[in-house]
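Notes follow once the structure below has been shown.
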2 protein chains.
Amino acid sequence: MSTIMTESRTLVSERLAAELRDDILCGALVPGSRLGEMALAERFAVSRGPVRAALGLLSEAGIVQIVPNSGARVRIIGRSDARALYQVRTALEAEAATLAASNAGRHAAPRFRQLLDQHGAQIAAHPEGAYLQASSDRDFHVVIAELSGNPLILRYLTRELYPQLSLLRVKHRNVTGRGAVALKEHERIAAAIIDGDGEIAGLLMRRHIRNSWTALEMQLSQTEQEDETRT
Amino acid sequence: MSTIMTESRTLVSERLAAELRDDILCGALVPGSRLGEMALAERFAVSRGPVRAALGLLSEAGIVQIVPNSGARVRIIGRSDARALYQVRTALEAEAATLAASNAGRHAAPRFRQLLDQHGAQIAAHPEGAYLQASSDRDFHVVIAELSGNPLILRYLTRELYPQLSLLRVKHRNVTGRGAVALKEHERIAAAIIDGDGEIAGLLMRRHIRNSWTALEMQLSQTEQEDETRT
DNA sequence: GAGAGAAATATTGTCTACAATAATGACAGA
DNA sequence: TCTGTCATTATTGTAGACAATATTTCTCTC
């Protein structure tokens with residue numbers, strides 16, 4: 001986490017970081033690729049100072065890896081990284097769901113309804129489902145983190161965990177989500193939160209993230225076997 | 001989190017960050033105090049470049065607050081910050097305990113025994129107990145995070161959450177721990193982990209952190225009232 | 001004396017240049 | 001052909017200077 005208080009005017013370094021972040025998360029800069037200070041300074045027509053600061057911010061987000069005296073690269077997220085990320089997600093998102101159930105109340109129902117409808121429409125359009133955490137799936141989770149009222153949880157998820165998981169997505173484009181099953185789980189979580197039942201909300205969220213990880217792990221296993229077979 | 005791979009040689013910026021970190025966590029640099037780049041560069045006889053990088057690292061740890069174009073200060077941790085930190089701790093440490101129960105097995109018993117004995121000796125020496133998370137209390141929690149096998153949890157706790165809570169300690173030196181009650185809770189958590197009972201370990205850890213927060217919150221309330229009374 | 005505005009000063013953000021380090025390429029020997 | 005050594009090159013880390021911004025001080029008016 002970082003406690004840089006930013007308001008209106010944005011530093012060059014922060015703008016660079018945002019742009020590089022987008023390039024990294026959309027796959028334009030693939031995991032492993034080199035982020036040389038001099039090349040980036042030239043590309044963005046700035047000095048190396050703000051480039052270094054930007055790389056520091058991206059390193060902090062966990063999507064760039066800096067080796068002192070050697071340079072920075074887009075981070076490669078391996079299976080064990082993904083596992084650790086999912087375990088942390090399980091913890092934080094279960095806590096968020098529990099807290100959200102205390103905070104949200106009935107007036108959150110329309111928001112959840114909208115999110116779930118959106119998600120349902122997405123699944124109808126793509127029954128096999130896109131990869132984990134397409135936007136409506138992600139939105140659902142972010143809303144719960146917001147409703148938790150804990151800015152730290154929200155920050156860790158949105159600034160670090162989700163971007164890092166996006167890197168996994170860049171690397172494994174053919175991994176699919178769990179479609180209607182996941183949606184059903186979302187619905188139950190939302191209902192528990194709306195009903196103020198924190199214990200059940202937390203438990204269902206744990207289960208949901210665990211299920212997502214189990215499915216993903218299986219697919220990663222297959223992908224890695226295919227990679228080995230192809231080598 | 002930061003993904004700077006550091007091995008043997010340490011950068012000036014990292015050495016500065018470590019030294020400043022120590023100054024901040026021991027209270028030599030109190031919350032709110034100003035960390036000017038020029039003053040620090042002069043104090044450490046280096047240029048402002050590595051000072052800036054060091055401040056970036058400390059900001060990332062959450063113990064320094066940087067306002068663009070205005071400078072850096074040691075962060076002040078307020079009550080709502082502390083609450084958020086404890087909620088995140090609850091989530092992460094319960095998960096760590098659950099995972100540790102799967103990983104640790106019986107051979108962790110001597111280590112726990114040692115930690116608990118140490119903690120017991122500390123409480124015997126100070127029955128009223130020092131402030132939250134004295135070293136043996138902290139060690140117990142760190143060991144569980146290590147046993148969890150999740151490097152991310154360990155990193156968040158030791159790099160960010162505990163240092164930030166140390167800042168709270170700097171501000172509230174008269175807040176006491178829970179003495180023998182906390183030790184008893186530790187013992188039960190350790191037993192559950194050694195027995196491989198992840199569900200109970202996680203539940204007991206949740207309860208433990210929650211209890212610690214409840215006690216701390218009460219004391220913070222009193223301290224703040226006294227502060228107001230004194231003003 | 002209080003408040004507003006301008007000027008002066010201090011500090012941070014960025015740029016440029018040099019020092020330090022790692023990576024790459026060339027060459028010799030087994 | 002492969003391996004090890006050395007030289008060269010590229011890049012990162014740091015220092016110092018200038019530009020940009022915020023803070024402090026001073027002056028004037030009410």
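FYI, side chains are in, hydrogens and waters are out, and symmetry mates aren't considered; it's all heavy atoms of this structure. Naming convention: chains lettered A, B, ... in sequence-line order (proteins, then strands); numbering from 1 in each chain.
The Met38(B) side chain lies nearest to dT11(C) when the options are dG13(D), dT11(C), dT14(C). Among the nucleotides dT12(D), dT14(D), dT14(C), the one closest to the side chain of Glu37(A) is dT12(D). Listed candidates were dC15(C), dT21(C), dT12(C). Nearest to the side chain of Val46(A) is dC15(C).
Contact check, Arg34(A) against dA22(C): no side-chain N or O comes under 4.0 Å of OP1 or OP2. Phosphate contact (OP1/OP2 of dT11(C), side-chain N/O of Ser70(B), threshold under 4.0 Å): absent. Within the 4.0 Å cut-off from OP1 or OP2 of dT14(C), not a single side-chain nitrogen or oxygen of Ser47(A) is found. Listed pair Arg52(B) / dG13(C) meets the phosphate criterion, a side-chain N or O lying under 4.0 Å from OP1 or OP2.
Between the CG atom in Leu220(A) and the CZ atom in Arg83(A) there is a gap of 12.5 Å [rounded to 0.5 Å].
Under a cutoff of 6.0 Å and an axis angle of 45°, Arg138(B) and Tyr162(B) form a cation-pi pair.
Looking at Asp81(B), its side chain does come within 3.5 Å of a backbone N or O of Gly78(B) through a donor-acceptor pair.
Here the closest non-hydrogen pair linking Leu25(B) and Ser166(B) is CD2-CB, 4.0 Å. Leu55(A) and Ile66(A) make their closest contact through O-CD1, 3.7 Å (heavy atoms, listed as atom of the first residue, atom of the second, distance).
Following rounding to the nearest Å, Leu57(B) (CG) and dG13(D) (C1') show an atom-to-atom distance of 14 Å. The distance from atom CG of Leu11(B) to atom P of dA22(C) is 10 Å, rounded to the nearest whole Å. Rounded to an integer number of Å, the gap from Arg43(A) CZ to dT11(D) P is 16 Å. The interatomic distance linking Gln65(A) (CD) with dT12(D) (P) rounds to 15 Å, in whole Å. One atom, CZ of Arg48(A), and another, P of dA17(C), lie 12 Å apart when rounded to the nearest Å. Taking atom CG of Asn69(B) as the reference point, atom C1' of dT24(D) lies 17 Å away to the nearest angstrom. Remark: C1' of dA10(C) and CG of Leu40(B) are 15 Å apart, rounded to the nearest angstrom. Rounded to whole Å, atom P of dA22(D) lies 15 Å from atom CZ of Arg73(B).
If you check every strand for non-hydrogen atoms under 4.0 Å, Gly36(A) touches sugar and phosphate atoms only. Among the protein residues, Gly71(A) comes within range of the sugar-phosphate backbone only, with heavy atoms under 4.0 Å from sugar or phosphate atoms but none that close to a base.
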